[in-house]
Amino acid sequence: IKLISDAGYQGEITSVSTACHQIEVFTPVLRTSISTFLEGGEEAIDKNIPEFTKMVCHGEHTYLYSQLLMHSLAVETKGGSNMRRLCQEVHKSARSKYVLINGRGLDVTPITLALSGAAAYPRACQSLASMLSRNALNPADVTVLYKLYMTADPPLVDMIRSPQFLEMFESMLFKPGVKLNPEHKPKYVYLLAYASCVVETWRKGQRKAINKDELKATIQAIERAHNLCSENKGSSELIADVGTLFSCLKFPVAAMGILKWVDYTVSDASYFKLNTDHTPLHLVLLDEISSNHPLLHQKVLNLLMRLFESSFDELDVLVQLELKKTVLDRTVHLLSRGCILPVITYMKDCWQKQDTDISLIRYFVLDVIAPPYTHDFVQLFLPLIENEDITGSLRTNEEDDPISEFISHCRTNYIMVA
Amino acid sequence: MAARDGDVALWLHNKLGSTDDLWSGSSICSQLSREKLLSIQECFHNLQPYVKVKLMLAFLHVPKRNIEEWKVELEEILQMAQEDSDQWVAMVGDILKTYPSAGTLNTDVEHRHSFYHEVVADLRKLVRKCHDISMLPMECPYLGRAALMSVAGQQSQPVKHFALQRKPKSAALRAELLQKSSEAALNMKKN
């Protein structure tokens with residue numbers, strides 16, 4: 001096996017246990033996989049992360065070793081953030097690895113903390129370890145952290161900036177029905193705001209300054225958003241607060257929280273049954289999130305896709321169709337804000353799977369776009385537009401309609417790849 | 001003493017000998033003691049490589065106060081591991097050598113393990129070369145502008161795949177909602 005590896009044929013070593021048996025075989029295989037991610041970006045993550053994490057999580061030693069190797073690359077100033085993402089993907093998979101078997105994931109918290117530099121702050125480290133291992137916040141440890149982060153020489157911001165930690169705080173503050181002791185609430189809000197906006201300046205391995213310019217406004221935004229989301233108001237009662245919600249949504253951390261709250265709210269079986277507005281308020285909030293935060297586009301799209309695929313059996317068939325059109329309007333909004341290829345790809349998938357009402361895809365055909373188009377866009381979109389089943393009824397014999405014009409423009413200016 | 005060392009070796013083999021579950025190191029934590037660690041030192045060389053590896057990984061799950069208490073014994077075992085002929089054992093020993101005293105992992109392992117050095121040097125070049133491939137860290141969607149900049153650098157502008165001929169329906173909907181909202185707020189004030 002080592003000879004195969006030394007000869008450069010890592011791709012031939014397909015068995016995880018074979019690859020993991022010797023460290024001198026495992027290391028080049030790890031290198032090949034990491035290179036694939038560095039060269040392929042997000043697409044490679046979608047495609048290869050399950051296989052990669054299976055190998056890295058084969059044993060605690062392979063996990064420790066791989067994380068150490070990736071961590072030493074993640075500290076690079078140029079390009080290191082790509083590696084940081086990879087470390088996080090593996091961490092997330094490890095935590096969820098055994099969820100279906102024994103109810104909990106692998107406990108990788110000691111490795112995560114030992115790598116993070118948290119040991120220099122033993123009290124903070126202890127509180128973090130207790131919460132991260134259990135994946136649950138508790139008032140005592142939050143109080144310890146709050147006090148430490150209030151001091152003039154607080155622990156490193158990175159210690160509380162982990163995705164797992166941020167997610168726990170967002171759930172605590174924005175999941176409907178979670179009861180938070182009012183006495184402790186400001187501490188949760190403070191820590192979440194601190195993690196999301198404070199910037200440290202480092203020189204030669206020393207922390208030189210802590211910039212908290214955005215902290216106060218971020219605290220206010222989270223607090224206001226939390227208050228509105230936890231009051232359990234219906235859409236009509238919330239109308240007067242739309243301005244406030246929109247201003248909170250300007251802060252990414254509050255937008256993430258509100259998105260979570262919208263997700264829970266509209267996923268409630270009775271939500272669309274009880275709502276009589278053509279476009280319910282919560283869905284309009286999704287538009288506002290898309291407008292403010294390109295980094296949240298995919299999360300908004302994921303929610304919209306889930307809604308689009310829900311059956312809503314309890315609603316009248318025509319109401320169902322109208323609702324789906326309303327959801328599609330949100331994706332058109334996403335499209336107008338720059339989330340283009342993921343939206344078109346999804347619609348194309350719907351058409352190819354043949355499980356979506358054709359009238360909905362027809363509804364999606366746009367009249368808001370104009371040239372110049374990119375090659376990628378035309379490759380994806382033209383087949384949809386050219387399909388007779390979808391757009392046949394929208395075309396005229398004279399070919400002076402927007403559909404025919406679009407087809408003619410693309411045929412003249414672009415070469416289609418089969 | 002020899003009989004007791006044999007007992008400890010057998011105990012470790014029973015607890016950690018399975019190759020089916022390579023995450024089971026932590027299962028022995030509650031049964032560790034200074035005496036046990038001393039006995040382990042005696043029989044360490046005779047243990048199977050994967051038993052040695054799992055034993056060392058158990059140290060990561062030992063409560064902090066015990067780590068401080070048993071620092072010397074733990075370091076002794078890690079020292080033996082670093083000189084082991086099995087590369088996994090030597091590497092894990094090297095990574096964990098700073099753990100008992102500092103609570104950190106030793107990231108400076110390049111010079112002792114040439115295969116690691118070569119791969120990291122290669123990948124470091126690739127990391128720098130591919131810096132514009134944006135796999136954003138998962139915390140980025142939460143971050144304010146300055147914090148985002150510090151974590152992931154300047155974000156590139158999204159590709160403009162087409163021009164917008166006119167605003168989508170959502171724009172009118174937003175304006176309408178804001179109008180309704182200010183009316184509702186005004187009514188609430190009046191009442």
Side-chain angles (χ1 to χ4, degrees), chain A residues 23-24 27-28 31 34-35 38-39 41-42 45 58-61 64-65 68-69 72-73 76 78-79 81-85 88 106 110-111 114-115 119 161 163 166 196-197 199 214 218 239-240 242-243 252-253 256 279 284 287 294-296 329 332-333 336 338 340 368-370 373-374 377, chain B residues 22-23 25-26 53 57 60-61 64 87-88 91-92 95 99 102-105 107 115-116 119-120 122-124 126-128 130-131 133-144 146-147 150-153 158-159 161-166 168-170 173-174 177-178 180-181 184-185 188:
Chain A
I23 197 168
E24 284 169 289
T27 311
R31 170 180 48 193
I34 293 174
S35 308
L38 288 175
E39 285 159 355
E42 291 288 343
I45 286 200
H58 175 68
E60 197 169 5
H61 59 300
L64 171 84
Y65 177 69
L68 183 95
L69 187 147
S72 61
L73 297 166
E76 285 290 314
K78 202 175 171 186
S81 60
N82 290 321
M83 287 307 299
R84 188 175 160 105
R85 165 70 178 278
Q88 292 171 343
L106 301 168
I111 295 176
L115 267 174
R161 193 170 269 167
L166 290 162
S196 74
C197 73
V199 180
E214 294 175 29
T218 310
I239 282 280
V242 165
V253 65
M256 278 290 278
T279 307
V284 185
D287 288 351
L295 293 188
L296 296 188
D329 279 335
V332 173
H333 178 81
S336 75
I340 296 160
V368 293
I369 59 169
Y373 307 119
T374 62
F377 175 72
Chain B
L22 295 170
W23 283 85
S26 60
V53 166
L57 289 163
L60 286 165
H61 302 272
K64 197 98 188 97
Q87 295 275 21
W88 269 121
M91 176 57 91
V92 172
I95 294 174
Y99 188 74
T104 56
L105 300 181
T107 51
F115 55 91
Y116 180 90
V119 165
V120 167
D122 260 15
L123 282 173
R124 194 167 282 138
L126 192 65
V127 165
R128 288 174 189 158
C130 301
H131 68 97
I133 297 272
S134 199
M135 294 193 288
L136 285 179
M138 290 175 178
E139 67 273 27
C140 287
Y142 296 90
L143 302 183
S150 75
V151 169
V159 179
H161 286 284
F162 52 72
L164 262 187
Q165 193 162 244
R166 59 187 172 82
K169 279 193 234 171
S170 53
L173 191 70
R174 182 182 192 272
L177 187 69
L178 280 174
K180 270 194 208 165
S181 174
M188 275 170 68

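Bear in mind the structure is a predicted one, so any value in this text is a computation, not a measurement. A note on names: the letters A, B, ... follow the listed sequences, proteins ahead of strands, and every chain is numbered from 1. Because only heavy atoms are used, hydrogens play no part in the values below, and waters and symmetry mates are left out as well, while side chains stay in.
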Under 4.5 Å from any heavy atom of chain A - which part of [X]:
| X | value |
| --- | --- |
| A102(B) | backbone |
| L143(B) | both |
| V127(B) | both |
| L173(B) | side chain |

Against chain B, label [X] side chain, backbone, both or neither, depending on which of its atoms sit under 4.5 Å from a heavy atom there.
| X | result |
| --- | --- |
| L296(A) | side chain |
| S336(A) | both |
| V199(A) | side chain |
| I340(A) | side chain |
| D287(A) | side chain |
| V242(A) | both |

If you count heavy-atom pairs under 4.5 Å with chain A, which of [options] comes out on top?
| options | value |
| --- | --- |
| L136(B), D122(B), V92(B) | L136(B) |
| K180(B), K64(B), M91(B) | M91(B) |
| V120(B), V53(B), L123(B) | L123(B) |
| C130(B), S26(B), A152(B), C140(B) | C130(B) |
| T104(B), V151(B), V159(B), L57(B) | L57(B) |
| A146(B), S150(B), S170(B) | S170(B) |

Specify which of [options] makes the most heavy-atom pairs with chain B at under 4.5 Å.
| options | value |
| --- | --- |
| G79(A), S81(A), A370(A) | A370(A) |
| E60(A), E214(A), H333(A) | E60(A) |
| I34(A), L68(A), L115(A), I45(A) | L68(A) |
| E39(A), E42(A), R161(A) | R161(A) |
| N82(A), D329(A), V253(A) | N82(A) |
| G338(A), P294(A), A119(A) | A119(A) |

Rounded to the nearest 0.5 Å, how far does [atom2] of [Y] lie from [atom1] of [X]?
| X | Y | atom1 | atom2 | result |
| --- | --- | --- | --- | --- |
| L105(B) | S72(A) | CG | OG | 11.5 Å |
| R124(B) | E76(A) | CZ | CD | 5.5 Å |
| I95(B) | H61(A) | CD1 | NE2 | 10.5 Å |
| L64(A) | L60(B) | CG | CG | 6.5 Å |

| How about L22(B) and H58(A): do any of their side-chain heavy atoms sit closer than 4.5 Å? | yes

Exercise: identify the closest heavy-atom pair between [X] and [Y]:
| X | Y | value |
| --- | --- | --- |
| A147(B) | S196(A) | CB-O, 3.6 Å |
| R85(A) | M135(B) | CB-O, 3.3 Å |
| M188(B) | A240(A) | SD-CB, 3.5 Å |
| W88(B) | I23(A) | NE1-N, 3.3 Å |
| F115(B) | T27(A) | CD1-OG1, 3.6 Å |

| said: Test side-chain contact (heavy atoms from CB on, under 4.5 Å) on R84(A) and E139(B); report intermediate values, then the result. | reply: CA-CA 10 Å; R84(A) 188 175 160 105; E139(B) 67 273 27; 2.6 Å; yes

| said: Using a 3.5 Å distance criterion without hydrogens, assess whether the side chain of Q88(A) forms a donor-acceptor pair with backbone atoms of M138(B). | reply: yes

| message | When you measure from the side chain of S181(B) to the backbone of I239(A), do you find a donor-acceptor pair of N or O atoms at a distance under 3.5 Å? | response | yes

